[in-house]
Amino acid sequence: MSDKFFSIENLSVEYIADDEVVKAVNGITLSMKRGETLGLVGETGAGKTTSALAVMRLLPPRTGRVVSGSITVGDIDILSLSEPEMRKLRGELVAMIYQDPMTSLNPVITVGDQILEVLELHKRQSKAAMKARVAELLELVGISAERADEYPHQFSGGMRQRVVIAMALACEPELLIADEPTTALDVTIQAQVLQMIRELKTKLNTSMLLITHDLGVVAHTCDNVAIMYAGEIVEQGTVADIFNGKRHHPYTNGLFGSIPRLNKQSKRLNPIEGMLPDPTNLPEGCNFSPRCPSCMEICKIKSPRFVQSGTHRIACHLYSSEGGANA
Amino acid sequence: MNRPLIQTVNLKKYFNTPRGKLHAVDNINLSINRGQTLGVVGESGCGKSTLGRVLLRLVEATGGQVLYNGEDILQYNAKQVKKMRAKMQMIFQDPYASLNPRMTVSEIIAEPIRILGTITDSRELNRKVFRLMSTVGLAGRLVNAYPHELDGGRRQRIGVARALAVDPEFIVCDEPVSALDVSIQAQILNLLMDLQDEMGLTYMFITHDLSVVRHISNNIAVMYLGQCVELCSAEELFRNPLHPYTRALLAAIPEPDLNHRMGEIIKGELTSPIAPPAGCRFANRCKHCADECLRQELSFSEVTPGHFVMCKRYSDDI
Amino acid sequence: MYRYVIKRLLLIIPILLGVILIVFTIMNVTPGDPGRHMLGMSAPQEAVDALNETLGYNDPFPVRLLNYLKNMVRLDFGNSYRTKQPVFDEIINRFPVTFKLAIGTMILTILIGIPLGVLAAVRQYSKLDMITTFTALLLAAAPSFWLALLMILLFSLYLNILPPNGIGSFSHYIMPMLTQAVVYAASTLRMTRTTMLEAIRQDYVRTARGKGASEARVIWRHAIKNALLPVITSLGMSFGAMLGGTIVIEQVFSMPGLGSLVILAITTKDIPQTMAVTIFLATLFCMIMLVVDLLYAFIDPRVKTRYLQGRLAR
Amino acid sequence: MKTNQVGNFAQDLSEYDEQLFKEYKKVNPVVGVWRRLKKSKLAMLGLFFLLVLAFAAIFADFICDYESMAIELNIANRLQGPSIEHWFGTDGQGRDLFARVIHGARVSLGLGLTCTALSALLGLILGSICGYFGGVIDNVIMRVLDCVMCIPGVLMALALVAAMGQSTANLIIALTVSYIPSFTRIVRASVISVAGNEYVEAARASGLDTPRIISKYILPNAAGPVIVEITMNVASIIKAVASLSFIGLGVVPPTPEWGVMLSESREFMRYSPYLVIFPGLAIIITSLAFNLLGDGLRDALDPRLKD
């Protein structure tokens, strides 16, 4: 497909800790078009953040490494770049918004200078022009430009996240990776920040990879969704496929069954039993099989392949020819 | 049974800070009936955790009363407080920080019983620990495991077992599921609800998550900057929210539903709870804010039976 | 900010009073009297008693303390029992020696310790890291007076290029500075390495990398300020300690600094002299710690905010 | 009818479960620390040195006789270089240097450990009081310790020793006092950080009294940094003892103490440099050993590195 702007092919990432190998991401494949928002959904340890760091090439040196796969942004093969080449792209082509606004800003540098730094690194402009741009960016995210000389600790959590966003948008990157951008925020502030991200994204026609565990955030922000479990994508499709579709991966059903809903009084939730498998010792066959309510014999032996119907893909034996005729 | 199990009367807790008095809990009047759950919602810094702690005398109140079965527990002496601990327990937010890493699962669960001294026979105590573990769904083989060997969900189950160990009547649940993943969160919520049905427990459930609170509560209190701004049944709160802040909270929640549209988003952020000005504390973010909101003290008035609101627009004198 | 400084300066007063109380008690309540010390073992008891009387040593302890404080307020710290001169004369004579030594040591310590510590952290697990860290470990374990002996042996006795004692010229200061600096630099290096490793792991360093900053920029602009904060405290403490008595080093190199004055004063039970030196050193120490705290505020805006809010403790 | 008793729907304790209590062996936390400590080669090296030193200190009398070899003068034999008979040579008074270094280990380790133990104990008490209660008590204790901190450690020790006379007991008191502030600070800081944990609040919610909260919940969890500090301080105190003895205000000659030996060696060092080398090496190895062990323990006790 030629309209793909960003794609990850068969990406696998490992962490090496002492003598153990943690298989954090196991062969995920994703793609998105320019201007789209793709939601990457999963619970703690599903490998969402690791995938994002792999795209930024910011995996911890020595312990984290990409085992296989390729990542393409535009027509650039990210994984084949040298470190200096990659450095030029970070902040310019690909930028990231981090989860915890309390720790992701440097406490001893003013917020203005932290935003300015991105411009210094990527734009050849006069100091005055850059300063003006910083003021413009701050106003853009709803912070008065006079506060540029203040330090992060003088801002609330929500305000700091706005600063992080301003920093990410400074060079108008083509791909924005937002790693749980609102998880650390209160609901009313989350709503403000989400709305702002949506507006800015549309305005700048940026593509966004939104990492979250919150299906509500996904429903209100994303065009497409990929659901991750234990380092793999188990289901993928448009928001309509995921939220309104008839057939789902059992894990997706479990996720939806676990959340209490505002608009209807539910008596009992239907959670998934058990917990995430140990990433140093993944089960045979389907990773979800030990917790799956509809686990079959084949699930314990063979990893399922994607079954595609239109834009909707599910990796489950229930719907494959090998698994069940019941699909 | 109409008499409430626990009731607060003008309960206050102020903290001294270099910049003035921090109004963490300001004139709270609540009551919870036996066997019911009161949900307390609010954003960070609204004083909901302090409220729970004042109720259990983990933090000493600045003023007011906490009536438990009609007795003011704030007047209790040390001995009476210790006895009270057997009736009132707490489940904590952080499943990692709330368990002593140097104690095994069985030691943690048995600790409250040991302190109270109700069961002295060690065999009997072991039996009790096993019963508690199976009650909360912990496998017996984990008795001598250390907390750091377990995941968040199991740790939180230990926290629940510890709270149940002394057969309490009332439990303050302080954000017991907010540190957990959704699938685990649902397991713990189900557990808490089952335990309530089974044993007739009374909960105060503190959370920032409105969907969770709706799911588990009979009544809901909404807190903002140390004050309770709205109190009514869960049903009523979601059907007919009155306080502008409650409405804003509800509007801000993204539902996992494509047909759901989010409401109007309020501007601004929480102001400081330190030495708050007179008048309505929400005034600066409120679109209905009128001059008198900034001046007059507010009262907590009953708009319809059982539905209390602290807002000028619904107070009797307008 | 100046209100904070004034507050802190005022806070030095009770601390000094405490110090005076402690040292005055030690010097006065313990056996031995100044008269006997000054006149020697063979002097007649009457003469000793008479001298003690004139020195006011026979008054009860609280009276003596009160008298001392009274005089102190009038800036009269008394005369040394030994030299009969005002106690601060001696201190002012000797202070430059100690001060030069301390400053030189400090500069060397910073120049050696911090850059190597940063380098070791940045290239963690490299050969350079292994070598510097292990050398630092060894040197930090060595007592400085032993290194001094080895240096004297090598540079003075065998090679004959540096003078073994005295204070005549700059070359007299080289070995004393080096011996001290080596030990302090070793511990500074170890500390810098640890705090730097900690700083590199912080989220904001990842943010900086995510902006496209180069490794050098990440380290020198983002990590180092945060990493240096604890190092500054420890350097300040070392500096304070050095001013107060490179006692052992002064002894080895026979340098007439404050350290040797301390020994002399204490061993001859020269109470006014001991008190004066102690007060002088404690004041200096407090001032240095104040400077360190101000430096903190200068580097870390969070600390500054806290000071401005009037909170004293760090 | 609703009941308040837990476990009506739980099966009774089976024989199998009873067995579990015994089978699932409690892993002593010390075992875990040891397992991680073993991984560090440097820490093991430090431990090895310490064992050798401890062996030397304990069995010094069996290795070489104290009176005849380390104390008695033997002028005829003076200043002989290292040989098979005298491994480290002999000193200015003709005493066997090896014997004196070995017996010196007893003095140095003894003093170092005693002072550390005393100051750590007092620091532990003061620090936990300050850290747990805070407020006025904390303020008073910390301000007094600030005063002690302002007096340079060596000066304090000197003054005490000079005032009370030169004796080992006074040396111990002097060093103990000057090391109390740093211990108190460390204990206080880690108690404050531990006391903020929810499990301490949980203990209070269960009705546990304060002394037991401190001893059972706070101190065991605050122990990590304190143990490291203790280990490192032994090294520092051993060096301080040597320094004081070197300038003639510590251990009194002819006791074989490394600082004393170095001080005595000065006049002969030009032609008998071994007199400087060996006692110095002994100090380095001892303090290095404690530092290595301390470093290793710091990593092994780090709660972020649970295995």
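Protein chains get the first letters and strands the later ones, always in sequence-line order, with residue 1 at the start of each. Keep in mind that what you see is a predicted model, and the values were worked out from it rather than measured.
- Both tests pass for Lys13(B) against the ring of Phe15(B): distance under 6.0 Å to the centre and angle within 45° of the axis.
- Residue Leu56(B): no heavy atom, backbone or side chain, is found under 4.5 Å from chain D.
- The choice from Leu99(B), Val166(B), Val172(B) that makes the most heavy-atom pairs within less than 4.5 Å of chain D is Leu99(B).
- Heavy-atom distances place no part of Met84(B) under 4.5 Å from chain D, backbone and side chain included.
- Side-chain contact annotation: Ser236(D) with Tyr179(D), donor-acceptor N/O pair under 3.5 Å present.
- Ranked by heavy-atom pairs under 4.5 Å with chain D, the first of Arg162(B), Met90(B), Met103(B) is Met103(B).
- Contact check on Glu111(B) versus Lys216(D) returns a salt bridge, with a Lys/Arg side-chain nitrogen under 4.0 Å from an Asp/Glu carboxylate oxygen.
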Would Gln187(B) and Arg157(B) satisfy side chain to side chain contact (heavy atoms under 4.5 Å, CB included), going step by step from the backbone distance to the final call? CA-CA 10 Å; Gln187(B) 295 173 3; Arg157(B) 288 174 195 269; 3.1 Å; yes

